[in-house]
Amino acid sequence: MEPKQTQDKYEKITELAKRRGFFWPSYEIYGGVAGFVTFGPLGTILKRRIEDKFRDFFIRRFGMQEIESSIITPGKVFEASGHLAHFKEPLVECLKCHKRFRADHLLQEQAKMSDTETEKLSLKELETTLKEKDIHCPECHSKNFDTPKQFLTMFTTTIGPYSEATGYGRPEAAQGIFVEFKRLYEYAREKMPFGVAQIGHALRNEISPRQGLIRLREFTIMDVEYFFDPEEPCPWIKQIENETIHIIPAELKKKNIKKPIKTTIKKAMEKGYVKTPWQAFFMAQAKLFLTQLGVPPDKQRFIEKLEWEKAHYSLQSFDQEIYLDRWGWTEVSGLAYRTDYDLSRHMESSGVDMRVYKEYEKPITKERTVIKPVMAKLGPAFKKDAAKIVQLLQKINPKDAETALEKQGFIMLESFKILPDHVKISKEKIEEKGKHFIPHVVEPSFGSDRLTYITLEYAYQQKEDRTVLKLPREIAPIQIGVFPLLNRDELLKKAQKIHKKLFDAGFSVEYDDSGSVGRRYARMDEIGTPLCITIDHQTLKDKTVTIRDRDTRKQVRTSTKRLISTLHDYFHNNKRFEELGTPVK
RNA sequence: GCGGCCGUAGUCUAGCUUGGUCAGGACACCGGCUUCCCAAGCCGAGAACCCGGGUUCAAAUCCCGGCGGCCGCACCA
């Protein structure tokens, strides 16, 4: 039976992936669990090569730090970050039509309650409020609802044996960076800007994960948190200002315009589509990264998230989308401008000062109004309360106090009436040598599982009934196949010797002597091996071998002596295949 | 979680309507022959009815439940 004609690329790739050991659903022998995959031998290498490329492309090139933090995270962290509040979705089911709705949204829509009001409500309160406000199902207008249930999409666990301490599986790696900010900043020798990256697993208890590698419950996230001073320009923007991107800004999206604008980074900044140059800079890099993984620029676009779609921490977010055969435009990375949100929250919650200090080139002298208590008057007037008043005075705006005293002759601090005699208001010249501020953050964030799938989809080609994975040479799991042309002892031995030589030189290389040579080439094409070396009669005579190119099937002949440096040139110095030797035939 | 469709060797599938042969094929894989530059051929081997329960003399087939997959709704920080 021929394979189905209707098979789309997703089906072809999942079939190939299972057959050749890239990836498959986990726990199949127990029936499988949705949202988990196992990467097989080839998939593991491919995914690692993509992650290594990310390391090279982002971390190494921009001098970032890479860290590895824990997946299990104490509850406090997600309380501070706002995740606990925002990951809870109270769902309620209509008992008549069995549709599910957000209980808080129903109250907002029908009872005109504000989101701050509904946010406070417990599940029980939601249930009673639904009845009180006479809420009906928007679908069938029934007023019979099941009890609302919270869906927390973070995985919950307890830390330690006695455990009052709730822990969560991190839904993003970013918090692991923010909580370590102080040490990382010190490590960076207190220089701004700087970036920290993390590659690791994240967990999201998705309600219904689907789409293979695209939406998983456990996945690998590659996060960059780039810290910068929002008052300083981005020094690298010039490098990429002429890079073109396809972009759908929120204003177009709201008008339901789905056609992206093709523009340069420079113009996108000028038009105000992107709120910080750092964000624009990483958008350009994200585009280049995907291009290097094999996705043509016209299959990529950036789409801005609307106000209500954005994460709670984000001032502006773009999804980087890639066009996929089955699902159309699909998110591969998110670029969020997180401002100082996370650091501020952790600062507030932990009490640790996360601000950085920056010295000005020249000290700035400023004049400012100060208000000082005159203790000689204040003390006798307020006795025990005097100390409290001194504290209160520190919190008020001296300028406001000054005008209040001028206009009404006193200021009220709580119940205390402060008269002009009690304080001294003066102008002071202050020399500011620098400033304290909370760094802002832009976050490009990729899923390496998704990238693995996307890379496979864009590499997948069918040529004359043969499957070829045109993987970029630097990420191909197997770099070289080595074959003896004939099953003759001398050739076998020679081929094995060459195989070992390349293996020892650090190449990932596979030896194969089974079946015909054509079959072996086909096997290698299917897993994306860029080069195959064949040992034939002539090898024994003049110590040359043929190298065959996956994409063109052309062959060149080259000497075994220079083989290692020739291959090194191809894989590491980007040398063209044609330059590897003299053409055959 | 709801609705629709679906689940047979490594992969793709036939058989299911109408219960009854050793569950058939193709490709892949393994061993051998072939001595070979693009999945050639020949011989041979291994390998499957998602799980549980029910109906029945008899279940891949019918019924129920579970798990899983795809699509739609919802969700997607």
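Predicted model only: the values in this text are computed from it and were never measured. Chain letters run A, B, ... following the sequence lines, proteins first and then strands; every chain starts at 1. Computation of the quantities below employed the complete heavy-atom set of this structure, encompassing side-chain atoms and omitting hydrogens, waters and symmetry-equivalent molecules.
The CG atom of L16(A) sits 12 Å away from the C1' atom of A28(B) (whole-angstrom rounding). The interatomic distance linking K18(A) (NZ) with C29(B) (P) rounds to 18 Å, in whole Å. Following rounding to the nearest Å, I221(A) (CD1) and C76(B) (C1') show an atom-to-atom distance of 13 Å. Regarding L306(A), its CG atom lies at a distance of 15 Å from the C1' atom of C76(B), rounded to whole Å. Going from atom CZ of R550(A) over to atom P of A39(B) covers 18 Å, rounded to whole Å. The CZ-P distance, from R326(A) to C70(B), rounds to 7 Å in whole Å. At whole-Å resolution of the value, OH in Y10(A) and C1' in U11(B) are 16 Å apart.
Summarising the base pairing, U34(B) is matched to no nucleotide, lacking a Watson-Crick or G-U wobble pair whose two defining distances lie under 3.5 Å. In this entry U55(B) has no Watson-Crick or G-U wobble partner, no candidate having both defining distances under 3.5 Å. When Watson-Crick and G-U wobble pairs are counted only if both distances are under 3.5 Å, U18(B) pairs with no nucleotide at all. Nucleotide A60(B) forms no Watson-Crick or G-U wobble pair with any nucleotide shown, as no partner meets the under 3.5 Å limit on both distances. With a cut-off of 3.5 Å on both pairing distances, C75(B) has no Watson-Crick or G-U wobble partner at all. Pair assignment for A9(B): none, as no Watson-Crick or G-U wobble contacts are both less than 3.5 Å. In this structure A40(B) sits in no base pair that meets the Watson-Crick or G-U test at under 3.5 Å. Across all strands shown, A47(B) has no partner, as no Watson-Crick or G-U wobble contact with both distances under 3.5 Å is found.
Comparing C76(B), C29(B), C12(B) against the side chain of R215(A) picks out C76(B) as the nearest. Nearest to the side chain of S514(A), among C2(B), A39(B), C30(B), sits C30(B).
Listed by chain and number, the residues in a salt bridge (charged side-chain N to carboxylate O under 4.0 Å, His left out) with R338(A) are E172(A), D342(A), E443(A) (sequence neighbours excluded). For D512(A), the salt bridge (charged side-chain N to carboxylate O under 4.0 Å, His left out) partners are R523(A), not counting sequence neighbours. Judged as a ring-ring contact (aromatic ring centres under 6.0 Å, His included), and not counting sequence neighbours, the contacts of Y341(A) are H312(A).
Note on G334(A): nothing from the nucleic acid sits closer than 4.0 angstrom, heavy atoms only. Using a 4.0 Å heavy-atom distance criterion, F483(A) is classed as making no nucleic acid contact. Contact annotation for K463(A): no contact, since no heavy-atom pair falls under 4.0 Å across all strands.
Using atom P as the reference point in both G24(B) and A47(B), the two lie 13 Å apart (nearest Å). Rounded to whole Å, the C1' atom of U55(B) lies 11 Å from the corresponding atom of G19(B). Atom P of C43(B) sits at a distance of 12 Å from the matching atom of A26(B), rounded to the whole Å. Rounded to whole Å, the C1' atom of U18(B) lies 15 Å from the corresponding atom of A60(B). Spacing of P atoms, C33(B) relative to C51(B), comes out at 40 Å, to the nearest Å. Between the P atoms of A48(B) and G10(B), the separation comes to 7 Å (whole Å). Taking atom C1' on both A45(B) and G3(B), the two are 47 Å apart, rounded to the nearest angstrom. Nucleotides A14(B) and C57(B), compared at atom P, are 32 Å apart to the nearest Å.
Side-chain contact, T455(A) with T452(A): no donor N or O sits under 3.5 Å from an acceptor N or O. Side-chain contact of S448(A) with E51(A): a donor-acceptor pair under 3.5 Å is present, judged by distance alone. Side-chain atoms of T330(A) and E321(A) form no donor-acceptor pair, as typed in the model, at a separation below 3.5 Å.
A residue-by-residue look at E28(A) and H83(A) shows that E28(A) has its nearest nucleotide of RNA chain B further toward the 5' end.
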Report each atom pair, protein N/O against N/O of nucleotides 66-68 of chain B, whose distance is under 3.5 angstrom.
from: C67(B); atom 1: O2'; to: G31(A); atom 2: O; distance (Å): 3.1
from: C67(B); atom 1: O2'; to: G32(A); atom 2: O; distance (Å): 3.3
from: G68(B); atom 1: O4'; to: G31(A); atom 2: O; distance (Å): 3.2

Please write out the pairs of protein N or O atoms and N or O atoms of nucleotides 35-38 of chain B separated by less than 3.5 Å, giving the distance to one decimal.
from: U35(B); atom 1: O2; to: N487(A); atom 2: N; distance (Å): 3.2
from: C36(B); atom 1: O2; to: V517(A); atom 2: N; distance (Å): 3.4
from: C37(B); atom 1: O2'; to: K585(A); atom 2: NZ; distance (Å): 3.4
from: C37(B); atom 1: O2; to: Y521(A); atom 2: OH; distance (Å): 2.8
from: C37(B); atom 1: O2; to: Q555(A); atom 2: OE1; distance (Å): 3.2
from: C37(B); atom 1: O2; to: Q555(A); atom 2: NE2; distance (Å): 2.7
from: C37(B); atom 1: N3; to: Q555(A); atom 2: NE2; distance (Å): 3.3
from: C37(B); atom 1: N4; to: D536(A); atom 2: OD2; distance (Å): 2.8
from: C38(B); atom 1: O3'; to: R466(A); atom 2: NH2; distance (Å): 2.9
from: C38(B); atom 1: O2'; to: R466(A); atom 2: NH2; distance (Å): 3.2
from: C38(B); atom 1: O2'; to: R553(A); atom 2: NH1; distance (Å): 3.2
from: C38(B); atom 1: O2; to: R466(A); atom 2: NH1; distance (Å): 2.7
from: C38(B); atom 1: O2; to: R466(A); atom 2: NH2; distance (Å): 3.4
from: C38(B); atom 1: O2; to: R548(A); atom 2: NH2; distance (Å): 2.9
from: C38(B); atom 1: N3; to: R548(A); atom 2: NE; distance (Å): 2.9
from: C38(B); atom 1: N3; to: R548(A); atom 2: NH2; distance (Å): 3.2
from: C38(B); atom 1: N4; to: R548(A); atom 2: NE; distance (Å): 3.3
from: C38(B); atom 1: N4; to: R553(A); atom 2: O; distance (Å): 2.9

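Using the six-membered ring where Trp is involved, Y10(A) and W327(A) have ring planes that are perpendicular, over 60° apart on the 30 and 60° scheme.
Here F155(A) and Y168(A) keep their ring centres 6.0 angstrom or further from each other. Aromatic pair F181(A)/F227(A): centroids less than 6.0 angstrom apart. A ring-centre distance under 6.0 Å is found for F58(A) and F289(A).
With respect to the salt-bridge test (charged N to carboxylate O, under 4.0 angstrom), the residues R204(A) and E206(A) do not qualify. In summary, D513(A) and R488(A) do not engage in a salt bridge, as defined by a charged side-chain N under 4.0 Å from a carboxylate O.
In summary, of the residues considered (R170(A), H346(A), R345(A)), a side chain to side chain donor-acceptor pair (under 3.5 Å) with Q175(A) occurs for H346(A) alone. When each of E11(A), R19(A), K12(A), K18(A) is tested with E15(A) by the rule side-chain contact (heavy atoms from CB on, under 4.5 Å), just one qualifies, namely R19(A).
A sub-4.0 Å separation between OP1 or OP2 of U11(B) and a side-chain N or O of W24(A) is absent.
A donor N or O paired with an acceptor N or O is not found under 3.5 Å between the base of C29(B) and the side-chain atoms of R19(A). Counting distance only, with no hydrogens placed and no angle test, the side-chain atoms of R210(A) and the base atoms of G72(B) include a donor-acceptor pair under 3.5 Å.
Contacts between residues 453-461 of chain A and RNA chain B, defined by a heavy-atom separation below 4.0 Å, involve no residue at all.
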